[in-house]
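On a predicted model such as this, the values are computed, not experimentally measured, just so you know. Each residue takes its place number in the sequence, starting with 1.
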Amino acid sequence: MNLFIFPYQSDNFYTSPDTALCREESASGLLKYYVPDTIETLRAVPFAYVRISRAGKCIREEYAHRHYTSCGWGVHLCSYDVNEGNTLDNSFFLSEATEIGDDYQGFEFFDTALQRASEFMSLRSGDLVILELEDICAVEVEQGQTKTVSYRDRQIEIIC
């Protein structure tokens, strides 16, 4: 599975492997992120995503909605200390995906993104197309500290 990430207010995208997805949750429901020693600042960026349900290459925008059936949201922790386009392992926190149904209104941005990404790479079933929504906060991290970032009903504990 690949992640196709479109940064906030950008037509360009970069890809990341599924190792960037956080799949672990503590018994309390708190998500934990362990910051690498070389990172000094993190950004918490909310995003919306669709899960590809049908493979495709060079998908035309008017047919893009046929290639996804579920959507969700999440938060991406990224660093100013790492070049854009490089993602950290376990730094994408996803909500549960929701089935879309037959009404695709409001998903036009995803249609454009699928068309753009599929010009360069094949999309496979299970891939995620991610649109960053905004840049909400920067979190200064210092070794030995623990901080919590909240977005909607999710809390992410950042452990340095």
message: Which residues pass the side chain to side chain contact (heavy atoms under 4.5 Å, CB included) test with Glu119, not counting sequence neighbours?
response: Gln115, Arg116
- prompt: Short question: side chain of Thr112, backbone of Glu108 - any donor-acceptor pair under 3.5 Å?
  reply: yes
- request: Please list, chain by chain and in numerical order, all residues satisfying side-chain hydrogen bond (donor to acceptor under 3.5 Å, both in side chains) with Thr19, sequence neighbours excluded.
  value: Asp89
message: Please give me the minimum heavy-atom distance between Tyr49 and Glu96, naming the atom from each residue.
response: OH-C, 3.8 Å
query: Of all heavy-atom pairs between Phe92 and Ile130, which one has the smallest distance, and what is that distance?
result: CE2-CD1, 3.8 Å
field: With sequence neighbours excluded, residues passing side chain to side chain contact (heavy atoms under 4.5 Å, CB included) with Ser70
entry: Arg51, Ala97, Glu99
statement: Scanning both residues in full, the closest heavy-atom pair of Asp111 with His65 reads OD1-N, 3.6 Å
field: Set of residues satisfying ring pair (Phe, Tyr, Trp, His ring centres under 6.0 Å) with respect to Phe6, sequence neighbours excluded
entry: Phe13
query: Met121 and Leu131: same hydrophobic cluster, using ILVMFWY side-chain contacts below 4.5 Å?
result: yes
message: Just verifying a value: how many Å separate Phe120 CZ and Cys58 SG, rounded to the nearest 0.5 Å?
response: 9.5 Å
task: Output all residues satisfying side chain to side chain contact (heavy atoms under 4.5 Å, CB included) with Ser10, sequence neighbours left out; order by chain, then residue number.
output: Pro7, Asn12
Under 3.5 Å: donor-acceptor pair, side chain of Ser95, backbone of Trp73: yes
message: Going by the rule side chain to side chain contact (heavy atoms under 4.5 Å, CB included), which residues pair with Ser16 if we only count those two or more places apart in sequence or in a different chain?
response: Leu3, Ile5, Ala20, Thr87
message: Please check this pair: side chain of His67 against backbone of Arg54, looking for a donor-acceptor N/O pair closer than 3.5 Å.
response: yes
- prompt: How far does CZ of Phe93 sit from SG of Cys22, to the nearest 0.5 angstrom?
  reply: 4.0 Å
field: Pairs meeting criterion salt bridge (charged side-chain N to carboxylate O under 4.0 Å, His left out) with involvement of residues 3-20, two or more places apart
entry: Asp18-Arg23
task: Go through the structure and list residues passing salt bridge (Lys or Arg N to Asp or Glu O under 4.0 Å) with Arg60, not counting sequence neighbours.
output: Glu62
- prompt: Which atoms form the tightest heavy-atom contact between Ala64 and Leu114, and what is the distance?
  reply: O-CD2, 3.6 Å
Nearest atoms (heavy-atom pairs only) where Ser122 meets Asp127: O-OD2, 4.2 Å
- request: List for me each residue that meets side-chain hydrogen bond (donor to acceptor under 3.5 Å, both in side chains) alongside Thr98, sequence neighbours excluded, and say none if there are none.
  value: none
message: To the closest 0.5 Å, what do you measure between SG (Cys71) and CD1 (Ile100)?
response: 4.5 Å
- request: Please examine the side chains of Leu94 and Leu128, heavy atoms only from C-beta on, and report whether any two atoms are closer than 4.5 Å.
  value: yes
query: Roughly how far, to the nearest 0.5 Å, is NE2 of His76 from CZ of Phe47?
result: 8.0 Å
- prompt: With the 4.5 Å side-chain cut-off for hydrophobic clustering, are Phe109 and Tyr68 part of the same group?
  reply: yes
query: Of the non-hydrogen atoms in Asn2 and Pro17, which two are nearest, and what is the gap between them?
result: OD1-CA, 4.4 Å
